[in-house]
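Here the structure is laid out as structure tokens; the discussion comes afterwards.
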Amino acid sequence: MPNQLPTRDGPRVNEDIRVPQVRLIDQDGEMLGVMSAREALLRAYDVGMDLLEISPNADPPVCKITDYGKYKYEQQKKANEARKKQKVVEIKEIKVRPNIDDHDYEVKMRAARSFIEEGDKVKVTLRFRGREMAHQDLGAKVLERIRTELGDTVKVESMPRLENRQMIMVLAPK
């Protein structure tokens with residue numbers, strides 16, 4: 001009969017461990033060897049602790065004598081720590097025009113570099129107004145200049161494409 005996997009969230013504890021034999025590790029981390037689940041449970045109760053199934057898929061399953069409340073607390077702490085370390089990637093937008101001035105261009109590039117360094121994606125939107133639509137090649141040149149200037153720090157996630165009156169390009173950090 002194969003081992004039943006834990007049904008509720010988390011490992012099986014004490015009477016929930018319904019296998020004939022277990023490999024037991026005591027509270028100090030000492031390997032005590034293979035014994036009946038009943039005997040392992042009695043040993044855990046003798047020291048005032050719980051029998052916790054650590055590795056249910058092993059043959060026989062590995063159980064440890066430990067304090068279940070303390071174990072749950074440690075798991076919760078690990079989960080919170082992992083959640084803190086996660087980085088949410090945001091998309092920052094930079095708007096430019098086809099005939100952008102040099103100084104304005106430098107300011108926008110500085111902002112783009114800082115966004116990339118923080119690990120965020122950058123959406124470069126180039127807006128055409130009025131008759132500028134006739135000179136889309138100028139807009140394409142501006143976007144190409146941005147891409148070459150950021151160089152090896154970025155990869156192009158979506159190539160420049162025209163949507164209505166604007167060209168859009170998305171850059172992501174490498």
Check your understanding: Going through the distances and angles, do Arg147 and Glu144 end up as a salt bridge (Lys or Arg N to Asp or Glu O under 4.0 Å)?
Key -> CA-CA 5 Å; Arg147 195 175 81 187; Glu144 185 58 35; 3.2 Å; yes
Review point. Ile94 and Thr125: side chain to side chain contact (heavy atoms under 4.5 Å, CB included), yes or no, with the steps?
Key: CA-CA 6 Å; Ile94 291 181; Thr125 305; over 6 Å; no
Practice item. Test Met109 against Leu150 for side chain to side chain contact (heavy atoms under 4.5 Å, CB included), laying out the working first. Key: CA-CA 8 Å; Met109 287 303 293; Leu150 289 173; 3.8 Å; yes
Practice item. Could you check Tyr71 against Lys64 for side chain to side chain contact (heavy atoms under 4.5 Å, CB included), going step by step and ending with a plain yes or no? Key: CA-CA 11 Å; Tyr71 171 81; Lys64 185 174 182 178; over 6 Å; no
Point to revise | side chain to side chain contact (heavy atoms under 4.5 Å, CB included) evaluation trace for Arg43 with Met35 | key: CA-CA 11 Å; Arg43 286 193 183 199; Met35 62 182 67; 3.7 Å; yes
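When side chains are defined from C-beta on, Arg161 does not count as touching Met167, because their heavy atoms never get closer than 4.5 Å. No side-chain heavy atom of Lys77 sits less than 4.5 Å from a side-chain heavy atom of Gln75.
Hydrophobic clustering, with ILVMFWY side chains joined whenever heavy atoms are under 4.5 angstrom apart, groups Leu171 together with Leu162. Hydrophobic clustering (side-chain heavy atoms under 4.5 Å, transitive across Ile, Leu, Val, Met, Phe, Trp, Tyr) keeps Leu42 apart from Val62. When the side chains of ILVMFWY residues are joined at heavy-atom separations under 4.5 Å, either directly or via intervening members, Met159 and Val170 end up in two distinct hydrophobic clusters. In terms of hydrophobic clustering, with Ile, Leu, Val, Met, Phe, Trp and Tyr side chains grouped at heavy-atom distances under 4.5 Å, Leu138 and Met133 are assigned to different clusters. Using a 4.5 Å cut-off between side-chain heavy atoms of Ile, Leu, Val, Met, Phe, Trp and Tyr, with links allowed through other members, Leu32 and Val47 fall into the same hydrophobic cluster.
Side-chain contact of Thr148 with Arg145: a donor-acceptor pair under 3.5 Å is absent, judged by distance alone. In this model, a donor atom of one side chain and an acceptor atom of the other lie less than 3.5 Å apart for Glu149 and Tyr105.
Gln21 and Pro61 make their closest contact through O-CD, 3.6 Å (heavy atoms, listed as atom of the first residue, atom of the second, distance). Of all the heavy atoms in Val22 and Val19, the pair that sits closest is CG1-CG2, 3.6 Å. Scanning all heavy atoms of the two residues, the minimum distance from Leu24 to Ala40 falls at CD1-CB, 3.9 Å. Here the shortest heavy-atom pairing between Ile116 and Ala172 reads CD1-C, 4.3 Å. The two atoms that bring Gln166 and Ile168 nearest to each other are NE2-CD1, 4.0 Å, heavy atoms only. In terms of heavy atoms, Pro160 sits closest to Leu143 at CB-CD1, 3.7 Å.
Around CG of Asp101, the count of heavy atoms belonging to other residues, nucleotides or ligands within 6.0 Å exceeds 12. Annotation for Lys174: atom NZ counts as buried by contact number, over 12 foreign heavy atoms lying within 6.0 Å. For Arg127, the CZ atom sits in a loose shell: 12 or fewer heavy atoms of surrounding residues, nucleotides or ligands are nearer than 6.0 Å. Within 6.0 Å of the CZ atom in Arg38, the count of heavy atoms belonging to other residues, nucleotides or ligands does not exceed 12. Residue Asp28 places its CG atom among more than 12 non-hydrogen atoms of other residues, nucleotides or ligands, all under 6.0 Å distant.
A distance of 12.5 Å separates CZ in Arg110 from CZ in Phe115, rounded to the nearest 0.5 Å.
Using a cut-off of 4.0 Å between Lys/Arg side-chain N and Asp/Glu carboxylate O, Glu157 and Lys121 are scored as salt-bridged. We find that Glu74 and Lys72 are not joined by a salt bridge, their nearest charged nitrogen and carboxylate oxygen being 4.0 Å or further apart. Ion pairing of Glu132 with Arg97 is present here, as a side-chain N (NZ or NE/NH1/NH2) and a carboxylate O approach within less than 4.0 Å.
Just one residue in the list Ile65, Leu51, Asn14 forms a side chain to side chain contact (heavy atoms under 4.5 Å, CB included) with Tyr45, and that residue is Asn14.
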